[in-house]
Asks: 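One structure follows; several queries about it will come next.
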Amino acid sequence: MVMLAETLPSQDRATRAVRVTQGLAVVLALAAFASLGSGATGVSLHDMLDGITEREALILWDIRLPRLAMGVLVGAALAVSGALMQGLFRNPLADPGIVGVGAGAGLGAVLAIVLGGLLPAGLAAWLGPHLVPFAAFLGGWGATLALYRLASRGGNVSVATMLLAGIALGALAGAVTGVLIYMADDRQLRDLTFWGMGSLAGASWTKIAASLPFILPVLVLSPLLARGLNALALGEAQARHTGVDTERLKRVTILGVAASAGAAVAIAGGIGFIGIVVPHLLRLATGPDHRFLLPNAALLGASLLVMADIFARTVLAPAELPIGIVTAIIGAPVFLWILLQRRGIGGL
Amino acid sequence: MTRSTPMRLKLARLNLAALHIALIASLGLTAVGTIAFAEEVKPRVVSLGGSVTETVVALGAADVLVGRDSTSNYPESILALPDVGYIRALSPEGVLSLAPDLILSEEGAGPVEAVTVLNDGGIPFVTMPGAYSAQGVLDKIAAVAAALHLEAEGDALIARTAEGFAKANAAAEAVTAPKSVLFVISLQGGRVMAGGEGSSAAGIIALAGGVNAVTGFQGYKQITDEAVIAAAPDVILMMDRGGDLALSAEDVLATPALAATPAAKAGRIIRMDGMLLLGFGPRTPDAALALNAALYGG
Amino acid sequence: MMLEIRDLSVNLAGRPVLHGISLHAKPGQITAIVGPNGSGKTTLLRAMTGDIPYRGHACLNGQEVAQAQPWQLAALRAVLAQATELAFPFTVEEVVRLGLQSSAVQAQADLPARALALVGLASYAPRAFQDLSGGEQQRAHLARVMLQVWEPVGADGPRWLFLDEPVSSLDIGHQLMVMGLARSFADAGGGVVAVMHDLNLTAMFADQMTLLHNGRLVATGSPHQVMTDETLSAAYGCPVRVNAAPLDGPWLVPQAMPVASA
């Protein structure tokens, strides 16, 4: 029998991945502290240690803490959804928008903003300010389910069909959105623009409570999909040969992304780059094993968004930069850097 | 244990007591401070919306302002105030950082969650009525004055403004042949976005004794080239300042549909300051008179 | 406990590809499926592995393949495909690990290394899979496949190796190594079904062989029985002369040049 090496190579990669997880957990904790301690009012956690005033309590509990919670949820949801989509489509350029979540949510938001006045008064009153997030969420789900139906035949989902149908659906959503934009008045156009740029300024415990049942289960349970997604890298047929129920894997992954990314976009608007860049960076650092990639993506996505939010609400204080702009400013150069790094490696 | 409590525990108890005392003391001081606040110190007011800010200044209360929004740009003196951003995309903590006692706002501030948080924080958030008419302006002034407890100054301002409206009204009624006016708010991508019924542009045009050239839709919307030609306005009205909304006569002539109108052909293109024209604040009577003069001469 | 195919027919895109195939494969033997291009060999394998629907019966250890769940089949058999893609930059060891299914097997951390040693890639574990040559990648996949059915005989019956042209990108030394592994697997009680292009290797290693032609089974039996001049020439459409070399050496089945007619 062959003599074994003392340390198995995959253990090295696995060890490194675990260290990254621990490191990211620390980073997230630090970011959370920084987030709670910084803001336009200049109130710091240190101030609150001396005895918390009513104003400070308001800032902490009603402004900063919901924003932190929302940043963590949305950042983690977008990053994990991106990793899941990249694994499912076996393509490192995939992002949650591929299953139609982004286009559908955007369309839902536009419909709500432009045509919201046509709703019966009772329904509009009951939904109140939650009309746009609600419509966005429904739009994201609707688009994903439509894509799923289009790509399914006899219980089998074709990811290639889903990709193409997603492009078509995106174009359709864009066209309808265009019509609605044409019908929109000045104020609605501004609202649309701001929605598209994303913001955590509307953070509230209501929004968190509404989105938690869709985001948290996906974050917690997604590592269960890890082994299946790893095997999927061999191609669907080979993955099936190793025992993976590929149809169920596809179904669960798509629904999970629709739920978590849909909820994230619904409450925070259009925030880009987290879904693509975070899994990419992690793959470069610790390899493509989804058992580590998924939890690390959650931690890194959450940290990034929390830090972006700190920047967004302090750099122009007392005004606030839409957070989608911050993630784009950071994300686009990082994405380019990744592409340049990988130029030498065959294929993406 | 029958032994005396160790030193550690004693210190811990002492610390806890000190903390309790500090907590009560600071709460007490805050309470005292708050009472002192209301009686002696001037209120801190954040004003959202250009017309509201103008009204506050016109009431002589400019010194209570501690912050404004990005649409407030008159008079020059308030530009030095901290800018809390776009009125429909406020940052709650940003507003709070100015430690306001009162927030005065035009209609439509948002997001709703930010307004709610500010309300929950015990800061009154007063929204002014905003009809695009002479009466609307007077109501707005009255509301602002009431919120600031400046009823006397408010009445004076209302009287002056009403007088101005009377003059403008007289000029408008003296018009025998009203001109049709097309208000163009933007020419983004060659598409004409115009002011329809119920828009602030329609309001000021009416006050100036003109007629809105385009009807059949509400607010500011894109209209087709054919609608522009069918409208055949005598005059094209545009805003003068405002970054990307600043349009020039060249822009108009470069747009085929507009260039074909009687207004463009005769060179009857009027540009006026946007906030002055559309703000529906204390300067509106002046705006109406100025527009009237530009339309009909004299 | 065997692989039993009864009256199996397959239509692909409306076209009939396999007509009424019946064959048995026993554990402890290497069963080769041969035939010219387009004869339906790979289709037959795909039906056996549960990838495509079929009419008729395909039973593995008594379980109808079409009705079994992926994990049930994976516990019984492992499949080495002709070519496998890899979408992400896994290491060789990570790829081999994908063959680990049950947690009992996973507990033995040294198995991936042993599997790699079997295929002559012992030192390759930490390398990037995409850096390997085609032949090396194929051998690494074989290591993964062997890892999946590490025990040739399990508690509930023999395990199976399904190989689809397993030596197509390998040099002759490695070809013999891989077929030798299949031989060892069968000798230890496992079953091997291999779709083969190479008639020489088939003659050397197969215990049973089945010849397909145009989707039909034209001959089945031991290599001695099946590999005759007439049978092979008819199936492959070219002159074939089978030589019986001395038993203690490799057999060569060269293609005969057409004899010029007088």
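Lettering follows sequence order; numbering is per chain, from 1.
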Asks: Grab the two heavy atoms, one from B:Glu107 and one from A:Arg187, that are nearest each other, plus how far apart they are.
Replies: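 In terms of heavy atoms, the two residues are closest at O-NH2, 3.7 Å.
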Asks: Ion pair present between B:Glu113 and A:Lys207, side-chain N to carboxylate O less than 4.0 angstrom?
Replies: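 A salt bridge links B:Glu113 with A:Lys207.
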Asks: For A:Ile63 versus B:Val117, what's the shortest heavy-atom pair and its separation?
Replies: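 Distance-wise, the nearest heavy atoms are CG1-CG1, 3.5 Å.
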Asks: Output the distance between atom OG (B:Ser91) and atom CZ (A:Arg67), rounded to the nearest 0.5 Å.
Replies: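 With rounding to 0.5 Å, OG (B:Ser91) is 5.5 Å from CZ (A:Arg67).
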Asks: For the residue pair B:Met193 and A:Ala184, what are the closest heavy atoms and their distance?
Replies: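 Distance-wise, the nearest heavy atoms are CE-O, 4.3 Å.
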Asks: Shorter than 4.5 Å, heavy atoms on both sides: which option in B:Val84, B:Val112, B:Leu98, B:Val95 has the most such pairs with chain A?
Replies: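 Heavy-atom pairs under 4.5 Å are most numerous for B:Val84.
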Asks: Heavy-atom cut-off 4.5 Å, strictly under: side chain, backbone, both or neither for B:Phe217 against chain A?
Replies: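 Contact with chain A is absent: no heavy atom of B:Phe217 under 4.5 Å.
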Asks: I need the B:Tyr86 OH to A:Asp191 CG distance, nearest 0.5 Å.
Replies: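 Going from the OH atom of B:Tyr86 to the CG atom of A:Asp191 covers 6.5 Å.
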Asks: Using a 4.5 angstrom heavy-atom cutoff, name the option from A:Ala319, A:Ala201, A:Ser204 with the most pairs to chain B.
Replies: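 The residue among A:Ala319, A:Ala201, A:Ser204 with the greatest pair count is A:Ala319.
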Asks: Relative to chain A, which segment of B:Leu118 carries a heavy atom at a distance below 4.5 Å: side chain, backbone, both, or neither?
Replies: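 Neither the backbone nor the side chain of B:Leu118 comes within 4.5 Å of chain A.
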Asks: For chain A, which candidate among B:Leu96, B:Ile123, B:Thr116, B:Asp120 shows the most heavy-atom pairs at distances under 4.5 Å?
Replies: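 Top count of heavy-atom pairs under 4.5 Å with chain A: B:Leu96.
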Asks: Heavy-atom pairs under 4.5 Å with chain A are the metric here; pick the option from B:Gly85, B:Pro92, B:Gly67, B:Pro82 that has the most.
Replies: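 Most pairs with chain A among the choices: B:Pro92.
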Asks: Select one option (side chain, backbone, both, neither) describing which atoms of A:Ala57 are under 4.5 Å from chain B's heavy atoms.
Replies: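 For A:Ala57, there is no contact with chain B at all, as no heavy atom is under 4.5 Å.
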Asks: Which atoms of A:Tyr182 come close to chain B, meaning under 4.5 Å heavy atom to heavy atom: side chain ones, backbone ones, both, or neither?
Replies: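 Contact with chain B is through both the backbone and side chain of A:Tyr182.
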Asks: For A:Leu321, is it the side chain, the backbone, both or neither that has a heavy atom under 4.5 Å from a heavy atom of chain B?
Replies: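 For A:Leu321, neither part sits under 4.5 Å from chain B.
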Asks: Can you pull out the residues in residues 68-77 of chain A with any heavy atom less than 4.5 Å from chain B?
Replies: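 No residue falls under the 4.5 Å cut-off.
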Asks: Find the distance between CD1 (A:Ile59) and CD (B:Glu93) and round it off to the nearest 0.5 Å.
Replies: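 With rounding to 0.5 Å, CD1 (A:Ile59) is 5.5 Å from CD (B:Glu93).
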Asks: Tell me if the CH2 atom of A:Trp205 is crowded by more than 12 foreign heavy atoms within 6.0 Å.
Replies: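 Check passes, neighbour count above 12.
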